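I have placed the structure first, in the form of structure tokens, so that the comments after it can refer back to it.
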Amino acid sequence: MPSSPIIFSLLFLSIFSLSSAQPSFRPKALLLPVTKDKTTLQYTTVINQRTPLVAASVVFDLGGRNLWVDCDKDYVSTTYRSPRCNSAVCSRAESTGCGECYSPPRPGCSNNTCSSIPDNTVTGTATSGEFATDVVSIQSTDGVNPGRVVKIPNVIFGCGATFLLKGLATGTVGMAGMGRHNIGLPSQFAAAFSFKRKFAVCLTSGRGVAFFGDVPYIFLPGILIWRLKTTPLLINPVSTASAYSEGEKSTEYFIGVTDIKVLEKSVSFNKTLLKIDAITGYGGTKISTVDPYTVMETTIFNAVTSAFVKAAALRNITRVRSVKPFGACFSTENVSVTRVGYNVPDIQLVLQSNDVVWRILGANSMVSVSRDVICLGFVDGGVNARTSVVIGGLQLEDNLVEFDLASNRLGFSSSLLGLQTNCANFNFTPTASAARYVM
Ligand SMILES: *[C@@H]1O[C@H](CO)[C@@H](O)[C@H](O)[C@H]1NC(C)=O
Ligand SMILES: *[C@@H]1O[C@H](CO)[C@@H](O)[C@H](O)[C@H]1NC(C)=O
Ligand SMILES: *[C@@H]1O[C@H](CO)[C@@H](O)[C@H](O)[C@H]1NC(C)=O
Ligand SMILES: *[C@@H]1O[C@H](CO)[C@@H](O)[C@H](O)[C@H]1NC(C)=O
């Protein structure tokens with residue numbers, strides 16, 4: 001067999017090149033810190049991108065289609081690539097345009113590159129830019145601690161412009177879109193390491209965490225978060241982005257709220273508003289990290305607020321002058337404080353059945369606006385709001401929310417404060433010992 005030495009060396013070569021192109025360590029899950037910005041109430045994360053690496057602070061946008069960053073200012077990278085029109089990257093990104101740029105080539109300005117629509121979902125402003133790829137470095141995790149840093153060579157993102165950053169938290173250079181799309185970060189992370197298309201978000205008023213992949217979620221002092229309640233994730237057939245191409249579905253996460261209760265009693269309003277209209281895409285309930293408070297269509301907002309005011313009055317909690325942007329504020333006199341926040345009437349979002357309920361307790365319903373005034377942390381979304389109920393940041397804090405894109409289900413823990421932990425309690429120290437946890 002005279003040819004065997006050649007075959008051997010070819011094999012050797014291909015194994016060698018494979019192992020240098022792909023890290024031999026394959027993480028089961030990845031991790032991002034998610035920190036609340038005190039001024040804008042936005043949540044931010046850090047994406048380590050480019051060569052040399054830059055820690056790009058970006059707004060965490062749960063429903064955003066993809067990552068976009070400002071490529072006009074200070075984007076320097078030897079690994080920046082612009083995909084050619086009609087390439088595999090462009091079709092994965094579902095780009096509908098092909099762009100030219102009439103100035104000297106630089107990141108964000110290439111010829112024959114497919115176009116993206118970077119969207120500032122905070123201000124509702126979109127522009128056109130190009131798609132690009134670059135390396136991203138990210139920490140792996142076992143669910144207990146951060147683990148080794150891994151590299152993803154070609155993460156697809158959109159190039160935005162400096163003006164598009166207006167309205168975003170100071171120091172941020174774009175938005176990290178976690179929405180349901182091939183090129184949403186959760187799908188790209190899962191594809192890079194062939195792990196489950198699943199991620200979880202645990203927001204808090206300080207530094208919380210997002211997990212990508214399939215790991216047990218363990219928070220100090222060793223609490224395993226499990227037995228999540230689940231509900232189907234719904235698809236809105238009409239995009240809710242600031243700009244989009246005809247026929248595009250929404251990349252935001254919708255769930256099927258069927259009723260809203262205050263103190264176990266159903267609030268009366270037109271329940272048709274809770275359904276997503278299949279033609280217009282209006283109505284329904286979505287989850288958003290760019291809205292600091294839950295937003296409700298006017299008639300729902302008024303009905304829920306007045307039911308809450310009545311229930312509070314039964315507990316001798318007196319309403320005081322409203323403080324913007326809220327509709328109902330109260331004196332803290334006669335309001336006790338518990339582990340799960342102010343002891344006020346609880347609000348329930350009823351899902352597919354009466355025993356699948358997202359319960360909103362004081363820590364997630366009330367905002368302290370001065371020493372002795374608290375307000376119901378819901379805001380009026382106007383009549384004919386695009387989406388009838390938008391579950392916002394305050395209502396998500398210290399709840400672990402899991403998005404399983406493979407099985408189309410949302411899992412939620414309810415307030416972790418009742419379990420004696422919170423979303424700030426993920427152990428970001430990489431050195432701690434092996435998992436010891438209670439269930
Ligand atoms: C793109 O092509 C046009 C016309 O062919 C040329 O004028 C322009 O400089 C090119 N731009 C870049 C960024 O290469
Ligand atoms: C309820 O809302 C739907 C959707 O906006 C509307 O078409 C319908 O007329 C409303 N029904 C009532 C009784 O107001
Ligand atoms: C509210 O105040 C009334 C009158 O002072 C009292 O009888 C009642 O017990 C109070 N209710 C609660 C829930 O504290
Ligand atoms: C607190 O409750 C008492 C009755 O228990 C009531 O008289 C009083 O007005 C309440 N104070 C406020 C500020 O609501």
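A quick note: this is a predicted structure, and the numbers were derived from the prediction, not measured. Each ligand, and each atom within it, is numbered from 1 in the order the structure gives.
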- [ ] Calculate, to the nearest 0.5 Å, the distance between atoms OG1 and CG belonging to Thr332 and Asp372 respectively.
- [x] 5.0 Å
Task: SG-SG under 2.5 Å, Cys109 vs Cys101 - done: yes
Open item on the list: Taking 4.0 Å as the limit for heavy-atom contacts, which would you say applies to Leu273 with ligand 2: side chain only, backbone only, both, or neither?
Closed with: side chain
Open item on the list: So for ligand 1, is Ser110 a polar contact partner (N or O within less than 3.5 Å, distance only)?
Closed with: no
TODO: Check whether any side-chain N or O of Asn408 sits under 3.5 Å from a backbone N or O of Pro232 as a donor-acceptor pair, and report yes or no.
DONE: no
- [ ] Can you run down the ring-ring contact (aromatic ring centres under 6.0 Å, His included) pairs that involve residues 332-390, sequence neighbours left out, and say none if there aren't any?
- [x] Trp358-Phe412
Open item on the list: Side chain or backbone, does Thr272 bring an N or O within less than 3.5 Å of an N or O on ligand 2?
Closed with: no
TODO: Find all atoms of ligand 1 within a distance of less than 4.0 Å from any non-hydrogen atom belonging to Ser103, and give their numbers and elements.
DONE: 11 (N), 12 (C), 13 (C)
Open item on the list: I'd like to check which ligand 1 atoms, numbered from 1 as shown, lie under 4.0 Å from a non-hydrogen atom of Cys109.
Closed with: 13 (C)
Open item on the list: Strictly distance-based, threshold 3.5 Å: is any side-chain N or O of Thr51 a donor or acceptor partner for the main-chain N or O of Ser77?
Closed with: no
Open item on the list: Within the 4.0 Å heavy-atom shell around Cys101, which atoms of ligand 1 are there?
Closed with: 1 (C), 8 (C), 10 (C), 11 (N), 12 (C), 13 (C)
- [ ] Find out whether the Lys NZ or Arg CZ of Arg50 is both under 6.0 angstrom from the six-membered ring centre of Tyr75 and within 45° of the ring's axis.
- [x] yes
Open item on the list: With rounding to the nearest 0.5 angstrom, report the OG1 to CZ distance, Thr318 to Phe330.
Closed with: 9.5 Å
- [ ] May I ask you to check whether the SG atoms of Cys71 and Cys159 are separated by less than 2.5 Å?
- [x] yes
Taking a 3.5 Å cut-off between nitrogen or oxygen atoms, can you list every pair linking ligand 3 to the protein, with distances?
from	atom 1	to	atom 2	distance (Å)
ligand 3	2 (O)	Asn316	OD1	3.1
ligand 3	2 (O)	Asn316	ND2	2.4
ligand 3	11 (N)	Asn316	ND2	2.8
ligand 3	14 (O)	Asn316	ND2	3.3

Open item on the list: So does Gly99 get a backbone contact from the side chain of Glu130, meaning a donor-acceptor N/O pair under 3.5 Å?
Closed with: no
